[in-house]
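First up is the structure itself, then whatever we jot down about it.
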Amino acid sequence: MSSKHPMPRQSQHDAGAPNTDTTATLAEGLIVDGSRGLYAVETPLGVLRCTIRGRLRKDLEFGSRGGSSRQVKRVTVRDHDPVAIGDRVRVLPTGSDSGVIEQIVARSGGAFTRRDPNAGEGHLALTSVAGLDQIVTVFAAREPAPHLRLLDRLLVLAESQDIAALICLNKMDQQPEGWLIERLHAYRAMGYPVVLASASSGQGIEELRARLAGRTSAFVGPSGVGKSSLLNAVQPGLALRVSALGATTHKGRHTTTGTRLVALDGGDGGYIADTAGIRALALGASSLRHLDSCFREFALYRGQCRLSDCTHLHEPDCAIRDAVTRGAIGAERYDSYARLHAEGAESRSSWDASDW
Ligand code: GDP
Ligand code: ZN
């Protein structure tokens, strides 16, 4: 090990936490950029430009003949990356700023699945932004007018992939109407943190910053609600860095299919994912089957419908519809459920949130 390279240190579950790697030469890090064979990995040694060990990219098929030395019959190079932005990997450093990804560390957190914008017609390639563990859904108090149906859609996406969701109402200086605050109270009662913020006045920014610390978050919401302004309020210059990633992601020569991450300053770390890359969110088929479990407040009534496979749409003695009638479940939330159910039944792939 040259003196230029301190002993690689293995991190635990957050980037940069020092720990000695007893297997010596591998440095643990987080993939922050790249795809299809070339990646930027943030390690305790700095950001290394990495290739990936061939065996991680290939599925080897062995022939049955061959006795002691097994013969490879066929090699299939995987269609999509074995790793994605946000994955933790172990890297063998090969130079001061280069390395080879040798191992993939088990993924933690949710995998945000999205459609590959470069995939041809009829060929649905999925890339996951592994490690994304929070979406920050942003709406404005008045301008543009908040549409909570979009919020419900985003919350279902988050629930179905076990990603935490934070609701941020920005532009509080515009004085939100009473009904909006009431609805947000209902979301808070379901267990979603709600941050009332104003990038202009600074309200709620400290709380937002605290909720971003130590997590990998994506800001989502319609354009004009103040996502960039909030990012900049959290950390000066952050919006530009996040959107610059988005621009190169889509226009750069090395077009990536993954989202990239920007590290937050401050002791507790945390990352922001480029949101341009996660516009088109696809909902896995399995989660649609469990759409009702993505509505948190329905949980109280689970198992109480007369039919065990009740869809809560038209069946007799439905505990969910009873709860809606009594006002225990919000009519708007139920309406979102019914709409999403209908959409899912029609076309599972119609889930790009293209109205952002
Ligand atoms: P984005 O498209 O979601 O990234 O939204 P921007 O951050 O670009 O903000 C859109 C517009 O809203 C800009 O003109 C901002 O100056 C304005 N804006 C952002 N935050 C606030 C806020 O808290 N209050 C008010 N009144 N305007 C804001
Ligand atoms: Zn029911």
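Fair warning: this is a prediction, and the values are worked out from it, not measured in the lab. Remember, it's 1-based here, ligands and their atoms both numbered in the order they're listed.
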Legend entry - Exam field: side chain Q235 to backbone D265, donor-acceptor pair closer than 3.5 Å: yes
Legend entry - Main-chain N/O of G221 paired to K227 side chain as donor or acceptor, under 3.5 Å: yes
Inset, instruction - Among all protein heavy atoms, pick out the one at the shortest distance from atom 26 (N) of ligand 1; state its residue, atom name and that distance to 0.1 Å. - result: D173 OD2, 2.7 Å
Legend entry - Salt bridge D335-R339, side-chain N to carboxylate O under 4.0 Å: yes
Legend entry - Option with minimal heavy-atom separation from atom 4 (O) of ligand 1, where the choices are G221, S228, A233: S228
Legend entry - H312 and Y337 aromatic ring geometry - parallel, tilted or perpendicular at 30°/60° bounds: tilted
Inset, instruction - For ligand 1, note which part of V225 has a heavy atom under 4.0 Å away: side chain, backbone, both or neither. - result: both
Legend entry - Side chain, backbone, both or neither: N170 near ligand 1, heavy atoms under 4.0 Å: side chain
Legend entry - Residues E102 and R90 bridged, charged N to O under 4.0 Å: no
Legend entry - Atoms of ligand 1 close to S223 [distance to a heavy atom under 4.0 angstrom, numbered from 1]: 2 (O)
Inset, instruction - Assess whether atom CZ of R49 is packed by more than 12 heavy atoms of other residues, nucleotides or ligands within 6.0 Å. - result: no
Inset, instruction - Tell me how many protein N, O or S atoms are closer than 2.8 Å to the Zn ion (ligand 2). - result: 4
Legend entry - Identity and distance of the protein heavy atom lying nearest atom 18 (N) of ligand 1: K171 CE, 3.6 Å
Inset, instruction - Could you tell me the residue and atom name of the protein heavy atom closest to atom 5 (O) of ligand 1, and the distance to it rounded to 0.1 Å? - result: G226 N, 2.9 Å
Inset, instruction - Evaluate the side-chain proximity of L155 to R333: yes if any heavy-atom separation is below 4.5 Å, no if none is. - result: yes
Inset, instruction - For atom 10 (C) of ligand 1, grab the closest protein heavy atom and report residue, atom and distance to one decimal in Å. - result: G224 O, 3.5 Å
Legend entry - Contact atoms of ligand 1, heavy-atom distance to S229 under 4.0 Å: 6 (P), 7 (O), 9 (O), 15 (C), 19 (C), 20 (N)
Would you give me the side-chain donor-acceptor pairs under 3.5 Å for residues 303-310, sequence neighbours excluded?
residue: Q304; atom: NE2; partner: L300; partner atom: O; Å: 3.2
residue: R306; atom: NE; partner: D317; partner atom: OD2; Å: 2.9
residue: R306; atom: NH2; partner: D317; partner atom: OD2; Å: 2.8

Inset, instruction - Please could you name the atoms of ligand 1 that S200 approaches to less than 4.0 Å, counting only its heavy atoms? - result: 21 (C), 22 (C), 23 (O), 24 (N), 25 (C), 26 (N), 27 (N), 28 (C)
Legend entry - Heavy atom of protein inside 4.0 Å of atom 20 (N) of ligand 1, strictly below: yes
Legend entry - Is_contact(atom 13 (C) of ligand 1), protein non-hydrogen, under 4.0 Å: no
Inset, instruction - Measure the shortest side-chain to side-chain distance between K171 and R142 over non-hydrogen atoms and say whether it is less than 4.5 angstrom. - result: no
Legend entry - Atom indices of ligand 1 within 4.0 angstrom of K227 heavy atoms, with elements: 1 (P), 3 (O), 4 (O), 5 (O), 7 (O)
Legend entry - Separation of T311 OG1 from H314 NE2 (nearest 0.5 Å): 4.0 Å
Legend entry - Donor-acceptor under 3.5 Å (R296 side chain, G191 main chain): yes
Inset, instruction - Among all protein heavy atoms, pick out the one at the shortest distance from atom 23 (O) of ligand 1; state its residue, atom name and that distance to 0.1 Å. - result: A199 N, 2.9 Å
Inset, instruction - Decide whether Y271 and D133 meet the rule of one side-chain donor and one side-chain acceptor closer than 3.5 Å. - result: no
Inset, instruction - Say whether S198 and D173, considering side chains only, have a donor N or O and an acceptor N or O under 3.5 Å apart. - result: yes
